[in-house]
Amino acid sequence: MPEREDGLLGSRQTKLNRLRERGVDPYPPRFRRTADAAAAIAAFEAAEPVEPAPGVEFRIAHPDAAVETPQHSLAGRIMSMRVMGRAAFLDLRDGSGTVQAMLRQNLLGEDYDLLKDLDLGDFLGVTGPMLRTRTGQVSIEAHTLTLLAKGMRPLPEKWHGLRDVEIRYRQRYLDLIADPEIMTAFAQRSRVISGIRRFLDGRGFLEVDTPILVPVAAGAHARPFDTHHNALNQRLYLRIATELYLKRLIVGGFDKVYELGRVFRNEGIDQDHNPEFTLLESYEAYADYHQVMEMVESMISTVAMEVRGTMQIPYGEEVIDFTPPWPRLQLKDELYRRSGVDLDAYPEDAALVRKAADLGLEVGPRESRGRLIDKLVSTFIEPNLVQPTFLLDYPEVMSPLAKAKPGLPGYVERFEAFAAGMEIANSYTELNDPAVQRARFEEQESIRQLYQDEEVDRLDEDFLTALEYGMPPTGGLGVGIDRLAMLLTGQASIRDVLLFPQMRRLGAGANMDEQDIQD
RNA sequence: GGGCCGUUAGCUCAGCUGGUAGAGCACCGGACUUUUAAUCCGGGUGUCGUGGGUUCGAUCCCCACACGGCCCA
């Protein structure tokens, strides 16, 4: 890169060249640590002969005295440098935390010259004894220095950090370097996921992997990404759900299965949508949606307790209390209460469209009944469901995979769970009558044709074949893990729980490939 | 898809009525052997997102585009 001739990059290049001329390998293959920063500090503090009492001066190590304490080799990224002539203090950060290294020329000799060619961001190995400095800070006293990796670009500023969200998402590593709390949030996300695994494993569920590349993108109302397999000369899709494969496994005789994996939906990007996201689906034979509801309450409250140590989690202006049981509301009743719309009073789609328009909803010409009801629910009910709540018994037209609710024609045994106005779970007593399932699929296909709506479920012939062999009564569940992670880690945007959220490619004109140009 | 806002030094940000840009940190040079955003002295390192237009002159006004954010759909 020619621009490195001068400026900030250039000064680092000059230092790199100088190091090489002096025979220093700026990228050595290894450095054996004796401990990480946190462990070395903890071990030193534990081994201190006398706990320093308040107001009592700490022992100040002399070069000779220092030899008494065990030698350590510690390593990390240089996060700050306080250089004062023939002594210097460097903060070294590794994955465990930060340790201060004290460098003194009389101890390091020629090694001390390395300091001139170090920059913030470089990785450095330090060997020497641990000690407390005059101000009481546990530090490693450098007897040798080893450059482990030269950083060629300056880090974001240490005090204000990185505010530019675009850089934060595009170059997440800088975000992580600049703000350790980001790392904490992602570590919490990871614990949410491992907590779910532990919970389900503990209940006898078997984790399975089903295809991501599928011939039919079924199991949800969503538009798929498509691709092509050359050897098979077949169009394939990225899965939009794992539902139909997991049910095949229930047919096959596994009683409790789950999959925690990425699904892909070719839709817009906003605060709670990313085109790829992590979905948990579980299926339990001989269970119904009431049992699944209890499992969801138990799972999420357990995970909240594990990750946050409490079931009351602050989120925005609210405190969300995940303590079970969560209220159960009938969708039909709740919609009537909130909007005055009695769905059963509008059996004709046209009448429902007029009613929705009267209520101020913008209703396009391509709104199917299912979409319309979804819009009513998401406008009048969902924003009000701040505390964890189950919404029960959805209209059949928007739930082609759920079993009919006895005694309530036109409705199915389905619930969705909400918290902070966001949908976090979706569950059915699964439809297992193959003839009814075929009819439901065909209804969906005709809706797709009629409304030209690509976000309608698709008929999967192979799945119907599986159902024809017989599937036991089953309770199924889907949980959006990213949204759950948002709630449990207090993040307002899905991009803050995804390490690498989807972003538009920069410089569209220059970097477009042939596929893009078609669009 | 529509509306509004943003894009200035490596980072965080100022920049008046149009007259070729400035601060802190970072960086560069110097002093300093116990610092904690070290301190002190000296130095501004820039394609003002991109491309057009208006103008004697544009970071500033106009248009288009790119990327991002928020709101709406």
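None of these values were measured; they are calculated from a predicted model.
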Apply salt bridge (Lys or Arg N to Asp or Glu O under 4.0 Å) to A/K158 and list each qualifying residue two or more places apart in sequence or on a separate chain.
-> none
For A/D321, the salt bridge (Lys or Arg N to Asp or Glu O under 4.0 Å) test, sequence neighbours excluded, returns none
Send over the distance from [X] [atom1] to [N] [atom2], rounded to a whole Å.
| X | N | atom1 | atom2 | result |
| --- | --- | --- | --- | --- |
| A/H143 | B/rU33 | NE2 | C1' | 14 Å |
| A/E166 | B/rC5 | CD | P | 19 Å |
| A/I167 | B/rG6 | CD1 | C1' | 13 Å |
| A/H160 | B/rA23 | NE2 | P | 16 Å |
| A/Y112 | B/rU34 | OH | P | 10 Å |
| A/L162 | B/rG69 | CG | P | 14 Å |

If you look at every strand shown and take non-hydrogen atoms under 4.0 Å, does A/R170 touch a base, only sugar-phosphate, or nothing?
-> sugar-phosphate
Restricting both atoms to N or O, compile the protein contacts to nucleotides 49-51 of chain B shorter than 3.5 Å, with distance only.
none

C1'-based separation of B/rG42 from B/rC32 [nearest Å] | 16 Å
Rounded C1' spacing from B/rU45 to B/rU50 in Å | 23 Å
For nucleotides 28-30 of chain B, tabulate all protein N/O to nucleotide N/O atom pairs closer than 3.5 Å, reporting atom names and distance.
from, atom 1, to, atom 2, distance (Å)
B/rC28, OP1, A/K15, NZ, 2.4

Collect all protein-nucleotide pairs involving nucleotides 38-42 of chain B in which both atoms are nitrogen or oxygen and the distance is under 3.5 Å.
from, atom 1, to, atom 2, distance (Å)
B/rA38, OP1, A/K158, NZ, 2.7
B/rA38, OP2, A/R82, NH1, 3.3
B/rA38, N6, A/V83, O, 3.0

So how far is it from [X] [atom1] to [Y] [atom2], rounded to the nearest 0.5 Å?
| X | Y | atom1 | atom2 | result |
| --- | --- | --- | --- | --- |
| A/L329 | A/L391 | CG | CG | 6.5 Å |
| A/D36 | A/L74 | CG | CG | 8.5 Å |
| A/L335 | A/F380 | CG | CZ | 8.0 Å |

What residues, two or more places apart in sequence or in another chain, satisfy side-chain hydrogen bond (donor to acceptor under 3.5 Å, both in side chains) together with [X]?
| X | value |
| --- | --- |
| A/S427 | none |
| A/Q330 | A/D393 |
| A/H221 | none |

Chi-based syn or anti call at B/rU12, which uses purine or pyrimidine torsion atoms and a 90° bound | anti
Would you tabulate the pairs of protein nitrogen or oxygen atoms and nucleotide nitrogen or oxygen atoms of nucleotides 70-72 of chain B closer than 3.5 angstrom?
from, atom 1, to, atom 2, distance (Å)
B/rC70, OP1, A/Q271, NE2, 2.9

Partner set under side chain to side chain contact (heavy atoms under 4.5 Å, CB included) for A/T278, not counting sequence neighbours | A/R189, A/L260, A/R262, A/I481, A/D482
By side chain to side chain contact (heavy atoms under 4.5 Å, CB included), which residues pair with A/A75, not counting sequence neighbours?
-> A/F31, A/R33, A/L148
Above 12 or not: heavy atoms from other molecules or residues under 6.0 Å from CZ of A/R223?
-> no
N/O donor-acceptor pairs under 3.5 Å from side chains in residues 161-168 of chain A, not counting sequence neighbours:
from, atom 1, to, atom 2, distance (Å)
A/D164, OD1, A/E166, N, 2.9
A/D164, OD1, A/I167, N, 3.3
A/E166, OE2, A/R170, NE, 3.2
A/E166, OE2, A/R170, NH2, 3.4
A/R168, NE, A/D175, OD1, 2.8
A/R168, NE, A/D175, OD2, 3.2
A/R168, NH2, A/D175, OD2, 3.2
A/R168, NH2, A/D496, OD1, 3.4

Should the pair A/R448-A/D457 be classified as a salt bridge under the 4.0 Å nitrogen-to-oxygen rule?
-> no
Look at A/R369 together with A/E348 and state whether they make a salt bridge at an N to O cut-off of under 4.0 Å.
-> no
